Amino acid sequence: VNPQRQITSFFSKT
Amino acid sequence: MLELRLVQGSLLKKVLEAIKDLVNDANFDCSATGFSLQAMDSSHVALVALLLRSEGFEHYRCDRNLSMGMNLGNMAKMLKCAGNDDIITLKADDGSDTVTFMFESPTQDKISDFEMKLMDIDSEHLGIPEAEYHAIVRMPSSEFGRICKDLSSIGDTVVISVTKEGVKFSTRGDIGTANIVCRQNNTVDKPEEATIIEMTEPVSLTFALRYMNSFTKATPLSSIVTLSLSSDLPVVVEYKIAEMGYIRFYLAPKIEE
C-alpha cells in the first residue's frame, strides 16, 4: 500500500 | 447585509451535490469578488476551492466581507427543495446566526424561504501558490468520470501518467490490472469532446481513486474537466462553472513505493 501524503505538506496556512 | 440572487439556481444545487460528501462543514466567504469556499476533507488529503464571481449573480450585495459557517449536508438538504429552474437568493443580516435561501419558480407563482442555522467553524485557510504544471490534460468530464468509476472496480489507486503519446490511467487489484490510454484528439467536431494534452515533461503520479470518484460528482457542472499535474505537487481537477467561476479539487499524491 502506498502511503498517502497530506495537502498540508504542500500548502501552508495563511 | 448580504443578498445574492442567482437566476440559474441549479448551479448552486449542483455545487452542493459535488462537495457535500467530501467536506462536512465549511465557511462560505463573501466579498466584493464573489462567493467562495475553501475546505479540506477530514483527512486533510484533498482540498476543494470554489469561486462564484459576483458578476455571475443577477444581484450581488455584500456590504462587508462575511464568512458563514455551514453544514454542507444540511445546506444540500435545503437546496434540494429548490426546483431546477428556480431562482435562488441567499440572504443574511449582519451578525445574524442564520442564512435564508429563497426559491422563486420561473413564473413567480411559488416562492419559498428556508432559514438555516449557521455554525462557528474553526477552519484553516491554506495559501495555494501559483504553479507551472508539467502536464495539463483537458478532456470530456463524462469520460474522466467513466474512467474513475471503471478503475475503482479493479483497484484502489490510479496511476496517472502523461507522455507525448497521451494520458494513461492505470490500476491494479486482486483480480488483475487495467490500463486506459486517452490520446490527444482535437479534431472532433465538438470542442467539448476533445482531449488536449499540453506537456513540458512527462509526469506520473499515484492517487487514491476514492477521492477522484468523489470529485467526479462535479461532472454536471461542466462538460470539460482539466487535470493539472506536476511531479511534486497535488493534482488539480478543475471544473469550470460557465460564466461564473470554478470548482477546483486538489488531491495529494500517494508516495511511490
Side-chain angles (χ1 to χ4, degrees), chain A, chain B residues 22-23 27 29 36 38-49 67 122-131 133 155-160 170-174 204-212 215 228-237 248-257:
Chain A
V1 180
N2 306 49
Q4 175 67 60
R5 295 187 68 178
Q6 289 199 318
I7 279 287
T8 41
S9 69
F10 297 94
F11 303 149
S12 51
K13 284 185 210 176
T14 54
Chain B
L22 185 67
V23 176
N27 283 316
D29 297 311
S36 65
Q38 189 202 83
M40 280 185 282
D41 78 297
S42 57
S43 308
H44 291 193
V45 169
L47 179 145
V48 56
S67 189
D122 195 16
S123 71
E124 302 169 16
H125 204 270
L126 301 182
I128 302 169
E130 287 285 317
Y133 286 93
D156 296 328
T157 60
V158 58
V159 180
I160 304 180
S170 308
T171 194
R172 62 174 60 242
D174 294 340
S204 180
L205 288 162
T206 305
F207 299 101
L209 272 168
R210 185 166 70 84
Y211 287 97
M212 286 292 181
F215 304 162
S228 302
L229 299 126
S230 266
S231 50
D232 48 358
L233 283 177
V235 62
V236 190
V237 180
R248 291 178 185 152
F249 299 99
Y250 296 80
L251 177 60
K254 291 194 155 238
I255 297 166
E256 300 291 334
E257 298 271 20

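Note that the structure is a prediction, hence the values are computed from the model and not measured. In what follows, chains are A, B, ... by sequence order, proteins preceding strands, each numbered from 1.
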Checklist outcome for this item: Ranked by heavy-atom pairs below 4.5 Å to chain A, first place among B/D156, B/D41, B/V45 goes to B/V45
Item to check | Contact class of B/D232 relative to chain A, heavy atoms under 4.5 angstrom | outcome: backbone
Checklist outcome for this item: The interface call for A/T8 against chain B, heavy-atom contacts under 4.5 Å, is both
Checklist outcome for this item: Residues at least two apart in sequence or cross-chain that pass side chain to side chain donor-acceptor pair (under 3.5 Å) with B/T157, listed by chain then number, are none
Checklist entry - Counting distance only, does the side-chain N/O of B/D29 pair as donor-acceptor with the main-chain N or O of B/S67 below 3.5 Å? => result no
Checklist entry - Hey, mind stepping through B/F207 and B/L229 against side-chain contact (heavy atoms from CB on, under 4.5 Å) and telling me if it holds? => result CA-CA 11 Å; B/F207 299 101; B/L229 299 126; 3.9 Å; yes
Next on the checklist: Students often mix this up, so state it plainly: with edges at 30° and 60°, are the rings of B/Y250 and A/F11 parallel, tilted or perpendicular?
Outcome noted: perpendicular
